[in-house]
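Worth saying up front: this structure is predicted, and the values here are computed from it rather than measured. Counting begins at 1 with the first residue of the sequence.
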Amino acid sequence: MSDPPIFNIKDSDITKEGWRVFTRSAPISRAFNHLIAGTHFEQKFGRWPLSPHDPAASINDLIVARMIDPRWSALQRRFVDKRTAKAEARRLHSALRVPETLAIIPMASVQSIDHLYEMLQPFIGTNTIAKPSHASGGTVFLRDVTSMADLSTIHELAGLDYAPIMREMQYWRLSRNIIVEAMIPAAGALPPVDYKFHCIHGEPLMCQVDHGRFGAPWSRVLRVPSFEPMDADDGLVPPEQYMLPDPGRLAAMTAAARALAAPFDYVRVDLYDGLDGVYFGELTFTPAAGLGIAPSAAGCHRETPTHRKYSRTLMTAFRRLR
């Protein structure tokens with residue numbers, strides 16, 4: 001993957017409508033996937049993606065190499081489909097709690113955005129969420145919905161085949177649905193804290209804490225099992241309202257992450273610290289479509305010393321156990 005294709009569109013503005021149309025209409029093949037994902041990667045990192053076998057390759061290179069490959073196992077695809085992921089998670093770790101599924105709305109039955117608004121009426125104003133079952137993002141807190149306009153993003157995203165957008169092939173041709181779930185119980189009115197375990201060959205090595213994601217967001221990467229900051233020089237200070245869970249809860253989350261990651265050589269296991277236990281969130285095989293930067297005070301717009309340390313930790317373990 002170190003050499004860009006002959007057709008290189010690096011000078012184009014990938015925010016333009018023409019690029020958007022191209023990404024969604026270009027054939028599904030490794031070559032076109034490489035072109036599209038590589039163009040985004042080059043804009044972010046200033047270089048073309050490397051082969052994951054290259055000694056200089058980062059975790060971002062590994063993610064891109066994985067996501068553009070159409071070969072995904074049946075188990076991986078069951079985990080990225082939110083209709084089936086919870087059952088698979090409970091099968092691998094029965095102690096996990098899962099959010100209650102209240103409804104599944106096939107997008108083939110949705111005639112328009114106002115029709116979707118009508119179909120969601122029983123849940124609007126309640127402590128529930130709606131999200132596409134076959135895509136990343138688009139989550140709507142239905143307690144906050146006041147008009148059809150609040151559903152515009154989820155309506156558009158749920159109606160698409162998500163895979164062509166960034167060429168994340170694990171989503172290719174999944175059935176298009178909106179899933180409605182009960183909110184995970186948490187202290188206060190805020191969503192529970194998200195703990196994202198980065199796992200190599202089934203072993204959780206780091207955990208990214210996402211606190212206040214839908215308010216004043218704060219994130220930090222911690223080492224596992226110590227839960228000390230991965231990078232003491234990341235410049236991040238925990239907000240006053242955040243407190244690390246007690247050792248028993250941290251051990252329970254780590255055990256759950258280890259059980260869910262066991263079948264895979266690289267995966268991020270997303271869990272929630274609920275009021276009454278550890279809840280399954282999702283398994284993420286291609287975080288941020290290969291464009292993610294580990295959180296630090298320097299932000300996420302470019303590589304940082306924190307990100308290089310994070311990437312080096314994961315890639316060293318990946319190569320050692322490959």
Side-chain angles (χ1 to χ4, degrees), residues 41 44-45 50 52 54-66 192-213 216-262 264-273 278 281-322:
F41 190 98
K44 180 77 172 186
F45 296 105
L50 299 171
D54 190 306
S58 69
I59 189 65
N60 305 83
D61 294 289
L62 174 63
I63 291 169
V64 169
R66 290 294 174 80
V193 178
D194 197 351
Y195 290 84
K196 299 176 176 179
F197 288 81
H198 298 259
C199 305
I200 299 291
H201 297 288
E203 188 59 32
L205 300 181
M206 289 179 286
C207 177
Q208 179 175 319
V209 179
D210 283 351
H211 174 266
R213 290 182 303 142
W218 177 84
S219 297
R220 196 177 204 180
V221 176
L222 310 177
R223 293 193 180 276
V224 176
S226 69
F227 288 90
E228 294 294 325
M230 181 207 68
D231 180 11
D233 298 320
D234 59 15
L236 296 169
V237 178
E240 289 185 8
Q241 62 271 33
Y242 173 72
M243 183 178 296
L244 197 66
D246 64 57
R249 181 59 62 88
L250 292 174
M253 286 194 287
T254 304
R258 184 175 291 113
L260 296 184
F264 311 110
D265 59 0
Y266 169 69
V267 69
R268 195 186 75 196
V269 178
D270 298 359
L271 303 172
Y272 291 104
D273 182 22
V278 178
E282 62 182 341
L283 293 195
T284 303
F285 295 100
T286 58
L291 304 180
I293 299 291
S296 73
C300 62
H301 302 295
R302 66 183 191 280
E303 285 189 278
T304 63
T306 297
H307 182 72
R308 285 189 283 272
K309 184 177 292 187
Y310 152 86
S311 176
R312 186 165 57 248
T313 300
L314 293 176
M315 292 302 289
T316 298
F318 182 80
R319 291 173 176 130
R320 183 173 62 244
L321 298 173
R322 189 171 60 209

Item checked: Test log, rule side chain to side chain contact (heavy atoms under 4.5 Å, CB included), inputs D265 and I200 -> CA-CA 5 Å; D265 59 0; I200 299 291; over 6 Å; no

Within the structure provided, determine whether [X] and [Y] are in side-chain contact (heavy-atom separation under 4.5 Å).
X    : Y    : answer
C199 : Y266 : no
V209 : V193 : yes
L205 : V224 : no
Q241 : H211 : yes
Y195 : P245 : yes
L314 : M206 : yes
D210 : K196 : yes
H198 : Y310 : yes

Margin query: Distance check, rounded to the nearest 0.5 Å: L271 atom CG versus E282 atom CD?
Written below: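 Nearest 0.5 Å value for the CG-CD distance: 10.5 Å.
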
[X] to [Y] - nearest heavy-atom pair and separation:
X    : Y    : value
R312 : T316 : O-OG1, 2.7 Å
F318 : H201 : O-NE2, 3.6 Å
I59  : M315 : N-CG, 3.6 Å
R268 : P287 : NH1-CB, 3.6 Å
F227 : C207 : CE2-CB, 4.1 Å
P295 : Q208 : CD-OE1, 3.8 Å

Next item on the list: Check step by step if side chain to side chain contact (heavy atoms under 4.5 Å, CB included) holds for L50 and F45.
Entry: CA-CA 11 Å; L50 299 171; F45 296 105; over 6 Å; no

Hey, is the main chain of [Y] close enough, under 3.5 Å, to the side chain of [X] for a donor-acceptor pair?
X    : Y    : answer
W218 : L236 : no
H307 : A294 : yes
S296 : A298 : yes

Next item on the list: Check ring pair (Phe, Tyr, Trp, His ring centres under 6.0 Å) between F264 and all other residues, then give those that pass, not counting sequence neighbours.
Entry: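 Here the qualifying residues are F285.
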
Note to self: Test of understanding: with salt bridge (Lys or Arg N to Asp or Glu O under 4.0 Å), list the residues that count as partners of D233, not counting sequence neighbours.
What the structure shows: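 Partners of D233 by the salt bridge (Lys or Arg N to Asp or Glu O under 4.0 Å) criterion come out as none, since no residue qualifies.
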
Margin query: Under 3.5 Å, is there a donor on one side chain and an acceptor on the other for N60 and S311?
Written below: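 Side-chain D/A pair, N60 to S311: absent.
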
Next item on the list: Taking only Lys NZ, Arg NE, NH1 and NH2, and the carboxylate oxygens of Asp or Glu, determine whether D61 and R66 approach each other closer than 4.0 Å.
Entry: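 R66 and D61: not salt-bridged.
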
Note to self: Test: side chain to side chain donor-acceptor pair (under 3.5 Å). Region: residues 244-257. Which pairs qualify, not counting sequence neighbours?
What the structure shows: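 Passing the test, one end in residues 244-257: R249-D273.
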
Checklist line | Qualifying side chain to side chain donor-acceptor pair (under 3.5 Å) pairs, either residue in residues 297-306, two or more places apart | finding: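 Side chain to side chain donor-acceptor pair (under 3.5 Å) check on residues 297-306 returns D231-T306.
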
Next item on the list: Mind checking side chain to side chain donor-acceptor pair (under 3.5 Å) for E203 and listing every partner two or more places apart, or none if nothing turns up?
Entry: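 In terms of side chain to side chain donor-acceptor pair (under 3.5 Å), with neighbours along the sequence ignored, E203 is linked to R258.
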
Item checked: Which residues share a side chain to side chain donor-acceptor pair (under 3.5 Å) with T313, sequence neighbours left out ->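 Applying side chain to side chain donor-acceptor pair (under 3.5 Å) to T313 gives none.
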
